[in-house]
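Here's the structure we're looking at; comments come further down.
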There are 2 protein chains.
Amino acid sequence: MSAPSTPPAAADTRPPARGRPPRLDQTRTVEAALVLLDASGLDALTMRRLADAVGVQAGALYRHFATKQDLLTAMAERMLEGCSAPPSDPDWSGRLTALARRMRTALLAHRDGARVYAGTHSTGANTLGFAETFIGVLSEAGFGPQEAARTALTVVHYTVGHTLEEQAALQPGDQGPADPGQLREAVTAGGFPHLTAALPVLTGADFTAQFEFGLGLLLQGLRALHRAGSGPAA
Amino acid sequence: MSAPSTPPAAADTRPPARGRPPRLDQTRTVEAALVLLDASGLDALTMRRLADAVGVQAGALYRHFATKQDLLTAMAERMLEGCSAPPSDPDWSGRLTALARRMRTALLAHRDGARVYAGTHSTGANTLGFAETFIGVLSEAGFGPQEAARTALTVVHYTVGHTLEEQAALQPGDQGPADPGQLREAVTAGGFPHLTAALPVLTGADFTAQFEFGLGLLLQGLRALHRAGSGPAA
DNA sequence: ACCTGAACACCGTTCAAGT
DNA sequence: ACCTGAACACCGTTCAAGT
């Protein structure tokens with residue numbers, strides 16, 4: 001909530017740190033949690049294992065995070081660090097594309113990143129800053145606040161939905177044991193002609209092309225909406 | 001895999017049911033699991049509680065589902081029942097809209113339905129049938145198999161992403177304790193002007209309008225792509 | 001063949017007690 | 001103030017033994 005450096009104007013009279021200095025703090029814990037996440041995945045991220053990793057008993061974590069859910073929220077918030085800088089593309093649709101790509105990249109940067117993000121609702125500076133930048137780009141493009149908000153939600157939902165699937169497909173055994181083979185077999189055995197023709201794409205691994213296709217659809221639709229009249233004063 | 005009634009042509013020589021008849025079968029178990037899901041939510045759906053609900057010990061469930069993940073997959077598959085019937089709208093974009101709405105409705109029909117769906121990868125008849133119908137509509141509209149597959153994935157990802165968020169917002173305490181109030185406070189305290197203007201939509205509850213907005217964007221983009229040339233032989 | 005009973009190896013969370 | 005140790009009330013999963 002408050003800026004971490006230079007507290008603006010508050011009664012900063014906390015007693016000079018009685019007892020010994022804490023061996024743990026939120027930042028270090030979140031960092032360790034993300035390392036553990038990358039190494040073992042979300043299902044293996046337990047409070048006990050995290051406590052082990054930071055050299056503490058499990059109960060001690062609850063002095064810094066009230067629940068595991070709070071920890072996950074802090075992790076999601078941390079993932080979006082650096083995503084809210086204003087993009088530098090010349091036109092608004094390029095700026096929007098950049099923001100969407102940035103979010104996918106941030107989620108992909110950690111194993112099960114999309115799952116962590118989808119399961120939380122951070123109201124931290126990174127999350128809110130990203131939304132502010134996103135809606136700001138749309139505002140400056142001439143969209144009203146309602147259309148801007150709806151558009152931002154749409155793009156985020158699409159990005160999360162896509163990346164969830166992408167990361168699920170990326171690592172086998174996590175939730176779907178034999179996706180490519182099993183799907184292929186079920187489709188051909190079941191007699192689904194259109195599905196059979198689509199199999200190469202459905203079992204293909206070009207997730208970036210898939211993401212860009214959907215994002216392109218969204219932006220094309222948005223450009224049509226823009227033309228249709230949400231001008232400077234619509 | 002095989003049709004439940006009238007097995008076509010197979011050596012149906014299983015011995016006449018030695019021992020006593022099973023008290024459990026997959027269908028009944030999945031139905032009970034969905035009832036339990038609706039009553040208590042995904043986090044409270046445990047193998048032990050489900051066993052209790054069907055009047056059996058927890059271990060007995062493993063004779064019908066190898067893992068809990070398999071049970072969840074069967075539940076997701078069951079949720080899509082009736083979604084693959086060909087839609088009757090006159091134009092292809094209306095048919096696509098109908099299919100997307102149908103999927104959202106199916107996920108919304110059960111508490112945490114989107115979360116269950118997003119966590120599984122069914123290759124059952126309902127899931128595959130829905131995909132077949134979806135891609136079929138696009139094929140008949142003149143899209144090639146690649147564009148049809150990419151479009152289907154895009155719409156499904158968007159629908160899942162949206163409904164995940166919708167169901168998370170619907171019930172408080174499940175993963176975000178005080179979304180509306182907490183978000184409102186954080187936004188106004190943090191000084192996010194565009195976000196503040198967008199707050200009414202972001203904290204609003206008209207999820208259908210939000211879903212339709214994004215779906216409209218997607219379809220508008222798709223119509224542009226259709227015009228651009230994926231004609232009968234593209 | 002199907003289910004019970006009991007166990008194994010864990011969970012998230014709480015809280016007195018220590019320092 | 002911060003952490004330990006130990007407990008509480010659970011998990012998913014396995015498997016001998018019963019019927």
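In this text, all values refer to a predicted model and were calculated from it rather than measured experimentally. Letters go in sequence order (proteins before strands), and every chain restarts at 1. Heavy-atom basis, side chains included; hydrogens, waters and symmetry copies ignored.
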**OP:** Provide, to the nearest angstrom, the distance between the CG atom belonging to A:Asp52 and the P atom belonging to C:dC11.
**Re:** 10 Å
**OP:** Using heavy atoms and a sub-4.0 Å distance, could you list which residues of residues 27-35 of chain A are near DNA chain C? By number, please.
**Re:** none
Subject >> Distance below 4.0 Å between A:His64 side-chain N/O and D:dC2 OP1 or OP2 >> reply: no
Subject >> Intra- and interstrand pairs of DNA chain D - dot-bracket, Watson-Crick/G-U under 3.5 Å, | marks other strand >> reply: ||.|||||...|||||.||
Original post:
What is the distance, rounded to the nearest whole Å, between atom CZ of A:Arg63 and atom C1' of C:dA17?
Top reply: 12 Å
Give the table of side-chain donor-acceptor pairs shorter than 3.5 Å for residues 187-201 of chain A, with sequence neighbours excluded, one pair per line with atom names and distance.
unit_1   : atom_1 : unit_2   : atom_2 : d
A:Thr188 : OG1    : A:Arg184 : O      : 2.9
A:Thr188 : OG1    : A:Glu185 : O      : 3.0
A:His194 : ND1    : B:Glu132 : OE2    : 3.1
A:Thr196 : OG1    : A:Phe192 : O      : 2.8

**OP:** Output, in order, the C-alpha distance, side-chain angles, deciding distance and verdict of side chain to side chain donor-acceptor pair (under 3.5 Å) for A:Thr208 and A:Arg104.
**Re:** CA-CA 10 Å; A:Thr208 298; A:Arg104 170 169 172 254; 3.1 Å; yes
Subject >> Length of the line joining A:Asp70:CG and C:dG12:P, which is rounded to integer Å >> reply: 14 Å
Original post:
Which pairs, with at least one residue in residues 200-212 of chain A and sequence neighbours excluded, count as a salt bridge (charged side-chain N to carboxylate O under 4.0 Å, His left out)?
Top reply: A:Arg101-A:Glu212
Original post:
With sequence neighbours excluded, what pairs up with B:Thr46 under the side chain to side chain donor-acceptor pair (under 3.5 Å) test?
Top reply: none
**OP:** Please name the pair of heavy atoms, one in B:Pro87 and one in B:Val137, separated by the smallest distance, quoted to 0.1 Å.
**Re:** CD-CG2, 4.4 Å
Original post:
How long is the gap from CZ on A:Arg78 to OG1 on A:Thr73, to the nearest 0.5 Å?
Top reply: 15.0 Å
Write out a two-atom table: protein N or O, nucleotide N or O from nucleotides 6-10 of chain D, distance below 3.5 Å.
unit_1 : atom_1 : unit_2  : atom_2 : d
D:dA7  : N6     : A:Arg48 : NH2    : 3.3

**OP:** Counting heavy atoms from C-beta on, name the nucleotide in C:dC3, C:dG12, D:dT13 closest to the side chain of A:Tyr62.
**Re:** C:dG12
**OP:** Output the single nucleotide from C:dC3, C:dT13, D:dG12 whose closest atom is nearest the side chain of B:Met47.
**Re:** D:dG12
**OP:** Give the C-alpha distance, both sets of side-chain angles, the deciding distance and a yes or no for side-chain contact (heavy atoms from CB on, under 4.5 Å) between B:Val116 and B:Met79.
**Re:** CA-CA 10 Å; B:Val116 171; B:Met79 287 180 188; 3.9 Å; yes
